[in-house]
Amino acid sequence: MPKLNAKQAKSVDAAESSFEPLEDGVYHARLREVTVSENAGASGFHYWMWEFEIVEEPYLNRRLWTNTSLSPAAEFKLNEMFAAFGVTSKTDTDELCGQVIRLVVGSETQQQGAGKGKINNTIQRVTAADEEFEIPEAEQTTGAVKGADGEDLF
């Protein structure tokens, strides 16, 4: 397992994030990835973790995440997600990667843990992309998402 040396650890502990949350609003975003949690949540059910990337200014390439529980009580959220993409719940999420939908983004104050008091973004709702929305030219690819090295991630 990797471990920082004492000097690096001290520097990391002192580092502050300059990453400000997005303003509350509605943003078009591309789905990058959906993964399944390794552990069940407090409800006893696993959940899916959805990673999105904003595809419009002023937050181009900023990432946001949301979880959807696999609990029967939370099925409406999974339904909302599939509906935003215009597909049925039988669709493999791998087929959705690279597609754009709209995220209704809000903010909340973290209530516990090391980040207590920190303002975080939340995806409050998802909807279909505006029909007239066009991804900025610099972002138009074949739907592939580029890594830091310029290689296609998917």
With a cut-off of 3.5 Å and sequence neighbours excluded, list every side-chain donor-acceptor pair involving residues 104-115.
residue: S107; atom: OG; partner: D24; partner atom: OD1; Å: 3.0
residue: Q110; atom: OE1; partner: N120; partner atom: ND2; Å: 3.0
residue: Q110; atom: NE2; partner: Q112; partner atom: O; Å: 3.0
residue: Q111; atom: NE2; partner: T109; partner atom: O; Å: 2.8

**OP:** Calculate, to the nearest 0.5 Å, the distance between atoms OG1 and CZ belonging to T68 and F82 respectively.
**Re:** 7.5 Å

**OP:** Identify the two heavy atoms, one from N5 and one from Q8, that lie closest to each other, and give their separation to 0.1 Å.
**Re:** OD1-N, 2.7 Å

Original post:
Are L78 and L31 co-members of a hydrophobic cluster defined by side-chain heavy atoms under 4.5 Å apart?
Top reply: yes

**OP:** Give the minimum heavy-atom separation between R30 and I135, together with the two atoms involved.
**Re:** NH2-CD1, 3.7 Å

Original post:
Any salt bridge (Lys or Arg N to Asp or Glu O under 4.0 Å) pairs touching residues 69-86, not counting sequence neighbours?
Top reply: K77-E80

Original post:
Atom CG in L103, atom CD in E53: separation rounded to 0.5 Å?
Top reply: 11.5 Å

**OP:** For residues S69 and Y47, report the shortest heavy-atom separation together with the two atoms involved.
**Re:** CA-CB, 3.7 Å

**OP:** Quick one: closest heavy-atom pair of H46 and A40, and the distance?
**Re:** CE1-N, 3.7 Å

**OP:** Calculate, to the nearest 0.5 Å, the distance between atoms CD and CG belonging to E56 and N61 respectively.
**Re:** 12.0 Å

Original post:
For the side chain of H28 and the backbone of V55, is there at least one donor-acceptor N/O pair under 3.5 Å apart?
Top reply: no

**OP:** Determine, using the 4.5 Å side-chain heavy-atom cutoff (strictly less than), whether M81 and Y27 are members of one ILVMFWY cluster.
**Re:** yes

Subject >> Nearest heavy atoms of A29 and F52, plus distance in Å >> reply: CB-CB, 3.9 Å

Original post:
Closest heavy-atom contact between I123 and V126?
Top reply: CG2-CG1, 3.9 Å

Original post:
Is it true that a side-chain atom of T122 and a backbone atom of Q124 form a donor plus acceptor pair closer than 3.5 Å?
Top reply: no

Original post:
Are side-chain heavy atoms of L96 and V34 found at a separation under 4.5 Å?
Top reply: no

Subject >> Side-chain touch V87/E95, heavy atoms, less than 4.5 angstrom >> reply: no

**OP:** If the plane angle is over 60° it's perpendicular, under 30° parallel, otherwise tilted; pick one for F85 and W50.
**Re:** parallel

Original post:
Would you say the side chain of L22 lies within less than 4.5 Å of the side chain of I54, judging by non-hydrogen atoms?
Top reply: yes

Subject >> Verify same cluster id: I101, W48 (apolar side-chain graph, 4.5 Å) >> reply: yes

Original post:
In chain order, what residues pass the salt bridge (Lys or Arg N to Asp or Glu O under 4.0 Å) check against R102, with sequence neighbours excluded?
Top reply: D130

